[in-house]
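Reminder, nothing fancy here: chain letters follow the sequence lines and each chain counts from 1.
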Amino acid sequence: MGIKGLTKLIGDNAPRAIKQQDAKALFGRKVAIDASMCIYQLLVAVRMGADNLTNEDGMVTSHLNGLFYRTIRLIELGIKPIFVFDGKPPSMKGGELAKRAEAKKAAEEAAKKAEEDGNLELAEKFARRVNRITPEMMAACKTLVRAMGVPAVEAPCEAEAQCAELVKHGLAYATVSEDMDSLTFGTNKLVRQLWSGVSASAQKKGHTPTEFSLDVLLEDLDLKMHEFVDLCILCGCDYVDGIKGVGVVKALSLMREHKDLAKAVEALKRLDRYEVPDPYPVDALREMFFKPEITAAKDVSLKWGKPDEAAIKKLMVEDNQFDETKIANGIKRLLLARKTSNQVRVDSFFKPKSAPNAGALAAKRKAAALAAKSKGKKRRSPGLSKGKIMKKGKLGNK
DNA sequence: TCTCTATCTATAGACGTG
DNA sequence: TCACGTCC
DNA sequence: ACATATAGATAGAG
């Protein structure tokens, strides 16, 4: 998912656009969270052996557990979350890409894909995915966060695109997701791995939230937004496969040369050692990022209210058999934390920490090696302790 | 030899307890 | 503080 | 979604 190799491209060519910082740096900020991604993560991770946690009816509840505690922690950190939920899957992901762009070739393409199991596989995966996370599960998540006094936004289509809309219009400071195509959708700030810096247990693992800045990245890559979107498509995205032999580096140089996806693709087609997906509907692909189906920011209202204690208990304890004492404790924490979150952010308080530049990946590795040797006690960067702790963890697991 | 891509492989949540 | 077991 | 997705490491192509 996302854009193939984009993280590396940014790390190598626009390291200024990447900042590693403590979750505390988001104090007082509103953040638009890609709820589906968050829920997927929880479903994967929270299990007893092979099975998820379930209620007495056998319905999965792993995601509720995580969502409950994560929301509490965010509020405790003074961060104002907005959970944004996916709507219907975009038509282009269902293999209908061609249908919209070149209706004639749709059938042909489907057949071809069945043979070489390119996009079709992706489509199947997507369908399976939708089946596993039931509408009831999503509904329960919305009920929970709303009961906790946190807004839940239902996107008409992709949550990523909706998050970007909220950020573009100042309703949120950043999108929280692991998916790099948030940037392609035009969010100016993207925070990845937020959860690493949120829960007490995750913080120990040494990971830090990473903030990407679109404006800086465009400046340092010397690309206009539309050229950046073209670049992302060329690298391979959710809507079209990449081209074999063309990675981020080649894609960037192609964009530098041609300044235009259509021209770059034409150039590749002329060299017959590249297999360009056919059809390659440039305009329709661009439209997926520039005109995604979203609810306009002006039609979205966000309210952070007082937790509805009874509603939380009904959902968690009565309907899903969570431990009453634990839930009560959580609610207590939530109520207490609300005082903190009502404080106003004072920007001057948050000095730009000159973060250990997450950027130049190669440089980082070198630095780590060097640091290991000299053991100088400069700033204790998360990167340093990370290595240690992770090694320990690895041994412990085995 | 070097740069870039393709391929392989390890890892995965949050909390309380002892 | 860490590693582990449990959460539903 | 541990019957997967991702990122970092490394092998290998050009």
Side-chain angles (χ1 to χ4, degrees), chain A residues 1-9 11-13 36-74 76 121-122 124-133 137 140 177-180 192-196 198-205 207 210 235-236 238 242-254 271 273-274 315-327 329-330 333 358 361-362 364-365 368 383 386-398:
Chain A
M1 287 265 271
I3 311 298
K4 249 202 218 158
L6 184 56
T7 310
K8 182 170 159 33
L9 180 97
D12 289 346
N13 298 280
S36 310
M37 171 134 316
C38 170
I39 292 161
Y40 291 141
Q41 284 180 342
L42 292 165
L43 286 176
V44 171
V46 184
R47 43 184 69 242
M48 283 287 289
D51 302 315
N52 283 111
L53 307 182
T54 57
N55 66 16
E56 62 191 6
D57 298 324
M59 309 295 285
V60 174
T61 57
S62 293
H63 53 306
L64 293 174
N65 193 43
L67 204 54
F68 182 65
Y69 286 112
R70 283 182 170 185
T71 303
I72 292 170
R73 284 295 294 153
L74 288 179
E76 283 179 342
E121 193 186 4
L122 201 144
E124 274 171 17
K125 271 182 199 165
F126 193 83
R128 245 187 307 162
R129 198 181 297 173
V130 172
N131 288 338
R132 292 230 179 143
I133 297 201
M137 286 164 72
S177 176
E178 302 314 310
D179 228 332
M180 291 300 284
R192 294 176 98 189
Q193 297 160 305
L194 174 64
W195 311 114
S196 309
V198 166
S199 76
S201 55
Q203 277 172 332
K204 288 179 191 162
K205 296 190 181 169
H207 294 125
T210 309
C235 290
D238 287 352
I243 297 160
K244 197 164 176 132
V246 179
V248 280
V249 177
K250 186 142 243 170
L252 181 59
S253 76
L254 279 166
L271 307 167
R273 64 200 189 91
Y274 293 106
L315 178 75
M316 300 299 277
V317 180
E318 201 176 310
D319 296 347
N320 291 294
Q321 293 79 53
F322 279 76
D323 183 84
E324 186 169 3
T325 319
K326 288 183 188 168
I327 298 303
N329 272 334
R333 278 169 67 187
L361 299 165
K364 196 180 171 188
R365 280 193 291 274
K386 178 179 169 183
K388 252 189 198 169
I389 293 169
M390 281 187 44
K391 257 178 209 162
K392 271 193 181 174
K394 230 188 232 169
L395 290 170
N397 283 339
K398 289 223 163 180

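Here the CG-CG distance, from N65(A) to L42(A), works out to 8.5 Å after rounding to the nearest 0.5 Å.
Side-chain N or O atoms of N55(A) include none that pairs as donor or acceptor with a backbone N or O of Q321(A) at under 3.5 Å. N52(A) places no side-chain N or O within donor-acceptor distance of the main-chain N or O of R47(A), the cut-off being under 3.5 Å.
When each of dC2(D), dA14(B), dC7(C) is scored by its nearest atom to the side-chain atoms of V44(A), the top-ranked nucleotide is dC2(D). Closest to the side chain of T7(A), from the set dT5(B), dA7(D), dC15(B), is dA7(D). Side chain of S199(A), nearest nucleotide from dT5(B), dC2(D), dA14(B): dA14(B). When the nucleotides dC8(C), dC15(B), dT5(B) are ranked by their closest atom to the side chain of V249(A), dT5(B) comes out on top.
Across the protein-nucleic acid pair, I39(A) atom CD1 and dA5(D) atom P stand 17 Å apart, rounded to whole Å. Spacing between atom NZ of K244(A) and atom C1' of dG12(D) amounts to 13 Å, rounded to whole angstrom units. Atoms CG (L252(A)) and C1' (dT3(B)) sit 14 Å apart, rounded to a whole Å. Counting to the nearest Å, the P atom of dC7(C) and the CG atom of N329(A) are 16 Å from each other. Computed from coordinates, the R70(A) CZ to dC15(B) P distance equals 10 Å when rounded to whole Å. Atom pair I72(A):CD1 and dG13(B):P shows a separation of 18 Å (rounding to whole Å applied). Rounded to whole Å, atom P of dC15(B) lies 12 Å from atom CH2 of W195(A). The distance from atom OH of Y69(A) to atom P of dC7(C) is 12 Å, rounded to the nearest whole Å.
Nearest heavy-atom pair, E324(A) versus V317(A), reported as atom, atom and distance to 0.1 Å: CA-CG2, 3.9 Å. Of all non-hydrogen atoms in F68(A) and K326(A), the two that sit nearest each other are CE2-O, 4.5 Å. Minimum heavy-atom separation, L315(A) to A140(A): CD2-O, 3.6 Å.
Taking atom P in both dA12(B) and dA3(C), one finds a spacing of 13 Å when rounded to whole Å. Across dT11(B) and dA1(D), the matching C1' atoms stand 13 Å from one another, rounded to whole Å. Using atom P as the reference point in both dG13(B) and dG8(D), the two lie 15 Å apart (nearest Å). dC7(C) sits 36 Å from dT9(B) when the P atoms are compared, rounded to a whole Å.
Positionally, the nearest nucleotide of DNA chain B for V248(A) lies more toward the 5' end than for the other of V248(A) and L42(A). When each of K326(A) and Q41(A) is assigned the nucleotide of DNA chain B with its nearest heavy atom, Q41(A) is the one assigned upstream, toward the 5' end.
When heavy atoms are screened at a 4.0 angstrom cut-off, V246(A) is found touching the sugar-phosphate backbone but no base atom. Within 4.0 Å (heavy atoms only), V46(A) reaches at least one base atom of the nucleic acid. Residue-level contact check: T54(A) touches the bases, meaning some heavy atom is under 4.0 Å from a base atom. Residue contacts for N65(A): at a heavy-atom cut-off of 4.0 Å it reaches a base atom on one of the strands shown. Nucleic acid contact for G5(A): none, since no nucleic acid atom lies under 4.0 Å from a heavy atom of the residue. Within the 4.0 angstrom heavy-atom criterion, base atoms lie near R47(A). N52(A) comes within 4.0 angstrom of nothing in the nucleic acid, heavy atoms only. At a threshold of 4.0 angstrom between heavy atoms, the contacts of G247(A) are confined to the sugar-phosphate backbone, with no base atom among them.
Contact check, R192(A) against dA7(D): a side-chain N or O comes under 4.0 Å of OP1 or OP2.
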Would you please test T54(A) and M59(A) for side-chain contact (heavy atoms from CB on, under 4.5 Å) and show each step?
CA-CA 5 Å; T54(A) 57; M59(A) 309 295 285; 6.0 Å; no

